[in-house]
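Structure first, then comments.
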Amino acid sequence: MLMRKVPVFVPASPWGLRLPQKFLFLLFLSGLITLCFGALFLLPNSSRLKRLFLAPRTQQPGLEVVADIAGHPLARERESPPNPVPAVPAPGEDDASSQASTRRRKVWLRRTHPTGTREMATAARGSGSTALRPQEGGIPFSFDFNAFRSRLRHPVLGTRADESKEPQSLVRAQREKIKEMMQFAWRSYRLYAMGKNELRPLTKDGYEGNMFGGLSGATIIDSLDTLYLMELQEEFQEAKAWVEENFHLNVSGEASLFEVNIRYIGGLLSAFYLTGEEVFRVKAIKLGEKLLPAFNTPTGIPKGVVNFKSRSWGWAMAGSSSILAEFGSLHLEFLHLTELSGNQVFAEKVRNIRKVLRKINKPFGLYPNFLSPVSGNWMQHHVSVGGLGDSFYEYLIKSWLMSAKTDVEAKDMYYEALEAIETYLVNVSPGGLTYIAEWRGGILDHKMGHLACFSGGMIALGAEDAKEEKRAHYRELAAQITKTCHESYARSDTKLGPEAFWFNSGREAVATQLSESYYILRPEVVESYMYLWRQTHDPIYREWGWEVVLALEKYCRTEAGFSGIQDVYSSVPNHDNKQQTFFLAETLKYLYLLFSEDDMLSLEDWVFNTEAHPLPVNHSDSSSRAGGRL
Ligand code: DMJ
């Protein structure tokens, strides 16, 4: 029989307290601590204290979290703080009080945001630190916007004063033309599809698609920074008002983690950094929080699809795999989400992805495109710098640059990967065209996708920080790849490039079947022209860029917006009836920058996410040359 042991004697503690007394004392003590700690949060103007407790920072000023990456000495010294206080509904969320306060705020913004661009700039400067506004559904964390702006090396919109000295009034006229295209694309969207994700210019209606889990307005959020940059003041205000009043996050569909991140989060973050408007910061963070369930996998490698409704373990699907370009293109945005929220969870998620990728064995130093989020093993040995792989490589070099060159791990990973790509994937065709092939378990597909054409720009961007003996080589490689991509345009009837082009059977830089001959307003080729222009100032890049403008006007412009075309080899356009959001976010922005001064969104101050949304570099010193100007 089991006898319960009844203690007949409770020994006294060294202080002479018996166990029940000790328990009561501890209870009292812990209550006291909780009370003191809680009081800190209730004090007025306690944001500094909150910051102290919620997000350990470096002592230097700057975008500290952006430097806070695995491998960086600062990262090792810090502990993970608790998550911040749960956020209340954001402006524009569905409860009535929030909508009313949004209306009030809108009126205030109209008053404080006068019409001229310079005034727009002044208003943004005036907004100062993004103070806590819990009554407006703000996220309780402060970010010193003025201090951030004063650390930029260049005025955001460039040194306009020098413009009149430009000998080429032609360049100005070209820039104006591109601005007109943006205005036309925006106005067509506003007229026929306002609030929908995309415009269908032939049927003159809107389209929601299935990538965004019920979120709307993808074109609006993707356009914000381009409108701002081009000083389309009225259009920018329309877009901002829509975000304030109509961008609701209470959706319940299934969304692509990658697409929501690069378009919505990226677009909102950029809009915040350009304007200092709190609504963009709050919406970005709250949407970021909705993406977190995607990381609930055994490895922490997120699934590609996030279910906004359930917080279930979406990974539990046999044989599922995550895509390198998708889970590898979160880093830039997630570090900024932590920076602007004080919530370390975002940075932790992407640090973990880095850790997994660092550890895993890479065949020949290459990164295959599919990884199991369950086992952490590669699923197939398919390697590509185009679709499925592309922006992973881009985010490595940009993480290095965005960290103000402190994220050495990202830099090393980038150059190691680039070496492997050069060794195994880069080829020169019999006709002398350099291209990046695709690799399937050791066998090469001698084809390049339009998506892979961003790599000319990426390699140019990274050339300056390569080993001394490699720099000139990388500059040349970048120029050669960009030239090949231009050839894929030049060899078509429309002077626009196909979705994929091949180098075999005597054919070079052309698509071999109709299913690869379409052009959907993609940006990658003009993106590379922009980087190569900034690096070399070789007029050929502006010439090539202008060829694209003319071709877009001739073959893609319709009565009600721009449309992709189904066959670049036919001079009678067959439109696909879609004005892609990235046309406004990327293609037109890169074209505009190509015809602008180098200090407009200077590469010293900004990196572009893979949807061309500018995110600031972590400058931690105060040697600003912008002197607080826009
Ligand atoms: C964009 O959404 C992004 O550039 C992404 O990285 C790749 N595809 C499109 C544009 O082609």
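Along the sequence shown, residues are numbered consecutively beginning with 1. The structure displayed is predicted, hence computed values, not measured ones. As the structure lists them, so they are numbered: ligands from 1, and atoms in each ligand from 1.
- Ring-plane geometry between Y435 and F503 is classed as parallel, the angle between the planes falling under 30 degrees on a 0 to 90 degree scale with a further cut at 60.
- The N/O atoms of S391, backbone and side chain alike, include none that comes under 3.5 Å of an N/O atom in ligand 1.
- Contact annotation for E586 and ligand 1: only side-chain heavy atoms (C-beta onward) come within less than 4.0 Å of the ligand.
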Run the side chain to side chain donor-acceptor pair (under 3.5 Å) check on S216 and E208 step by step: do they pass? CA-CA 7 Å; S216 292; E208 290 293 27; 3.2 Å; yes
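- Inter-residue side-chain proximity for N577 and H575 is flagged as unmet; no heavy-atom pair is nearer than 4.5 Å.
- Less than 4.0 angstrom separates some heavy atom of L451 from each of these atoms of ligand 1: 7 (C), 8 (N), 11 (O).
- Between W378 and Y367, the two ring planes are perpendicular [angle over 60°; tilted spans 30° to 60°].
- Residue-level proximity to ligand 1 for H450 is absent, since no heavy atom of it falls below 4.0 angstrom.
- The closest protein non-hydrogen atom to atom 6 (O) of ligand 1 is T610 OG1, 2.7 Å.
- Here Y590 and Y529 keep their ring centres 6.0 angstrom or further from each other.
- Considering E524, E259, E527 only, the shortest heavy-atom separation from atom 11 (O) of ligand 1 involves E524.
- Per-residue contacts place R263 under 4.0 angstrom from the following atoms of ligand 1 (heavy atoms of the residue considered): 2 (O).
- Classified by interplanar angle (parallel below 30°, tilted 30° to 60°, perpendicular above 60°), the ring pair W606/Y273 is perpendicular.
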